[in-house]
Amino acid sequence: MSTPKADDPVAARMKLRFEVENFLYREADLMDNWLLDDWLALWTEELLYLVPSTDKPEGNPREHLMFIQDDRFLLNQRVRSIMNGTAWAESPRSTLRRVLSNVQVKSDDDGGLTVTSNFVVYRSQGSTLQVFPAHAEYLLERSGEANFLIRQKRVVLDLEELRPHGRVAFIL
Amino acid sequence: MAELPLIIDDRETPKFWVNRATMVEPGILEQEREKIFDRCWLYVGHESELQNVHDFRTRRVGGRPVIFTRSSEDNINVLVNVCTHRGMILETRKEGNGRNMRCFYHGWSFNTDGKLTSMPQEEDYPDGWKKSERCLPRPPHVDSYRGFWFLCWDKDQSESLFDYLANATDYIDLVADQSDTMMQISGGSHLYSMHANWKLLAENSADGYHAMTTHNRYIQMISASGADFKKRTGGGKGLGGGAADLGNGHAAVGASDHSKGDRPAGLARAFHSEEAGKDYKERRQHLAEKFGEEWTDRILGGRNVVIFPNLVIVDLGMGCTVRTFYPEEPGYMEITSWELSPPEVTDTLNDARKSDFLTFWGPAGLATPDDVEALSRCQKGFASYKIDPWNDLSRGMDKEHPASTDELQMRVFWRKYNELMTGEAVQEESGVYEKVDMIARTGK
Ligand code: FES
Ligand SMILES: [Fe+2]
């Protein structure tokens, strides 16, 4: 096997995807382990966190009823309430494990990177196990060497109804 | 049927207890389907969901599949969504537009008036057989009030929708008057569920008592946004406002807003921007010119309305949700919620409204998930119902003017429930219908 040359475009793409994957894996770890203050630090100051309704996956906040449309203030509030134990729907906290794959860098230019991924979250509480299949689209900003910040994240649940789950109070 | 009474309505002590057996016993649910959901007027949908001719929405109402559709500019139909040939579900899409609906099994086609229009090999039917006898069935009664469409499955129902709604019409007016054209349901809905008995959601939807505790994190958010929650609710002891029996099992809690547009009403966070504040004030001005100060103060206050048995309209100033639910099992209900808003507001106000809606409501909001959790935990608790069968709903029973944090609104629901289930007549607690949101919040 020959070592790829530094200017080899395939090698460059592999390197970029490797870096992006590492970033997304780190994000997933923080969410699964409820280290949400650290998770908040992965975002740019101005941010948009979107989850459309299950029956309007292409929905946008101006026209449609979403599940979540958080700016920096609301995302801080969401995280604070989960961390201080007043989010009763996750108090006591459930056990989360997500499996993440199909990471693709869709575009990469001065404006940042567009990245998509598929993931499944298993949520267990008592004798109940819930499964949340989803895919996400990120707008990432570069932040130093091999690191990124999230400017926008849009999570689309691959469910037609939030039944029988009933609610999502952990971070997707 | 449970051996103990369904409710204890003791006027002497006074106290009001509800039998937890009604939450868990399958035999009771069977009776509820027959005596409540097959008898009462039930919410189908809002007229604004059908903007164009031949638009349709499919959903279940009282457990039965229906098509809610517009067959012409001025005609809306509710049709049973089941092929009259051999019973297949006809339209499987949730929403769409189409002149014809075709059953794929053998190819029968129906139009949006429910007429059977064509089928393959029609010539093979006997001579006397008539297509006109195989139209889609309709609920025996369908009617609307100010854009809200209802049906009733009981052909013997003699009460009109208007009479059935009783004083709840006043509260629907407060919502419908918010638009110069027609209030509009936004695209997208919240299709969620709770592992809890359906009656718990009827109780919870107008329960001011739980707001400060269950929704503490929401209230933290309001305060963090810069709003003075204590001042807004008159001292911070509770939410302010009163409760009213609207007749026929319907009830509301609510309060007027007397800030004249200086701050957002109800449970909203502080204005998102100066521009949003300016737009809000202009909008208030417009409403006041149209309706006068008193009605405008009521409109811009807030209200939680429970229309018996399973329609909830919660309008908290910062947004309005329309919600209906149905029991699949004693301990499991499916819930659908929509957002209702005036289409003519500025983009700035609309953006704020949509955002504020989600901070509270919806299965991923800062409040609804905690209601889901609370009610499911109650349902788990009812496993002990044979040890202590009683839920207590006595708050404010000795008051002339019960507050929104009392439990009159639940007692109103349960008395009607008991009447339909057992035949015992309702004895009202307070004689006259009171416009509860005329009771001013003390804080200005
Ligand atoms: S069942 Fe619909 S065409 Fe036969
Ligand atoms: Fe609640």
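Order of the sequence lines fixes the chain letters, A, B, ..., with proteins taken first and strands second; residue numbering starts at 1 for each chain.
- Residue Glu90(A) holds its CD atom at 8.0 Å from CD of Glu373(B), rounded to the nearest 0.5 Å.
- Contact tally against chain A (heavy-atom pairs below 4.5 Å) for Arg353(B), Met194(B), Arg377(B), Glu328(B): the top residue is Arg377(B).
- Residue contact with chain A, scored on non-hydrogen atoms closer than 4.5 Å, involves the backbone of Ile335(B) exclusively.
- Residues Ser193(B) and His165(A) have side chains not in contact (no heavy-atom distance under 4.5 Å, counting atoms from C-beta outward).
- Separation of atoms OG (Ser53(A)) and NE2 (His190(B)) is listed at 4.0 Å; rounding is to 0.5 Å.
- In summary, Glu161(A) and Lys94(B) engage in a salt bridge, as defined by a charged side-chain N under 4.0 Å from a carboxylate O.
- For the set Ala367(B), Gly362(B), Ala364(B), the entry with the most heavy-atom pairs within less than 4.5 Å of chain A is Ala364(B).
- For the pair Gln77(A) and Ala224(B), the tightest heavy-atom approach, listed with the atom from each and the gap, is NE2-CB, 3.3 Å.
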side-chain contact (heavy atoms from CB on, under 4.5 Å) evaluation trace for Ser355(B) with Gln69(A): CA-CA 7 Å; Ser355(B) 166; Gln69(A) 54 184 84; 3.7 Å; yes
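- Here OG of Ser91(A) is found 10.0 Å from CZ of Arg217(B). Values are rounded to the nearest 0.5 Å.
- Within 6.0 Å of the CZ atom in Arg17(A), the count of heavy atoms belonging to other residues, nucleotides or ligands does not exceed 12.
- When heavy atoms are compared at a cutoff of 4.5 Å, Asp351(B) approaches chain A by way of both its backbone and its side chain.
- One distance of note links OG of Ser225(B) with CG of Leu74(A); it measures 9.0 Å at 0.5 Å rounding.
- Between Asp370(B) and Arg167(A), every side-chain heavy-atom pair lies at or beyond the 4.5 Å cut-off.
- Contact between Leu358(B) and Met66(A) at its shortest, heavy atoms only, is CD2-O, 2.9 Å.
- Counting heavy atoms from C-beta on, the side chains of Leu162(A) and Leu191(B) never come closer than 4.5 Å.
- Looking at Glu95(B), the atoms closer than 4.5 Å to chain A (heavy atoms on both sides) all sit in the side chain, from C-beta outward.
- Judged by distance alone, with hydrogens and angles left aside, the side-chain atoms of Asn216(B) form no donor-acceptor pair with the main-chain N or O of Thr86(A) at under 3.5 Å.
- For chain A, the nearby part of Tyr332(B) is the side chain; its heavy atoms alone come within less than 4.5 Å.
- Counting only distance, with no hydrogens or angles, the side chain of Trp88(A) and the backbone of Ala374(B) share no donor-acceptor pair below 3.5 Å.
- Of the two parts of Asp70(A), neither the backbone nor the side chain holds a non-hydrogen atom closer than 4.5 Å to a non-hydrogen atom of chain B.
- Interface remark: Pro164(A) contributes backbone and side-chain atoms alike to the contact with chain B (heavy atom separation under 4.5 Å).
- Counted within 6.0 Å of CE on Met182(B), heavy atoms from surrounding residues, nucleotides or ligands total more than 12; the atom is thus considered enclosed.
- For the pair Pro363(B) and Gly166(A), the tightest heavy-atom approach, listed with the atom from each and the gap, is CB-O, 3.5 Å.
- Atom CH2 in Trp361(B) sits 16.0 Å away from atom CZ in Phe67(A) (nearest 0.5 Å).
- Between Lys354(B) and Leu65(A) the shortest side-chain heavy-atom distance does not fall below 4.5 Å.
- Dense packing is recorded around CD of Glu58(A), with more than 12 heavy atoms of other residues, nucleotides or ligands lying under 6.0 Å away.
- Between Phe73(A) and Arg269(B), the closest side-chain pair of non-hydrogen atoms falls below 4.5 Å.
- Around the CD atom of Glu46(A), the shell of radius 6.0 Å holds no more than 12 heavy atoms that belong to other residues, nucleotides or ligands.
- The part of Thr213(B) that comes within reach of chain A is its backbone (N, CA, C, O), which places non-hydrogen atoms under 4.5 angstrom from that chain.
- Using a 4.5 Å cut-off on side-chain heavy atoms (C-beta onward), Leu366(B) and Arg78(A) make contact.
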Intermediate values then yes/no, side-chain contact (heavy atoms from CB on, under 4.5 Å), Glu334(B) and Arg163(A): CA-CA 8 Å; Glu334(B) 291 193 347; Arg163(A) 295 168 179 154; 3.6 Å; yes
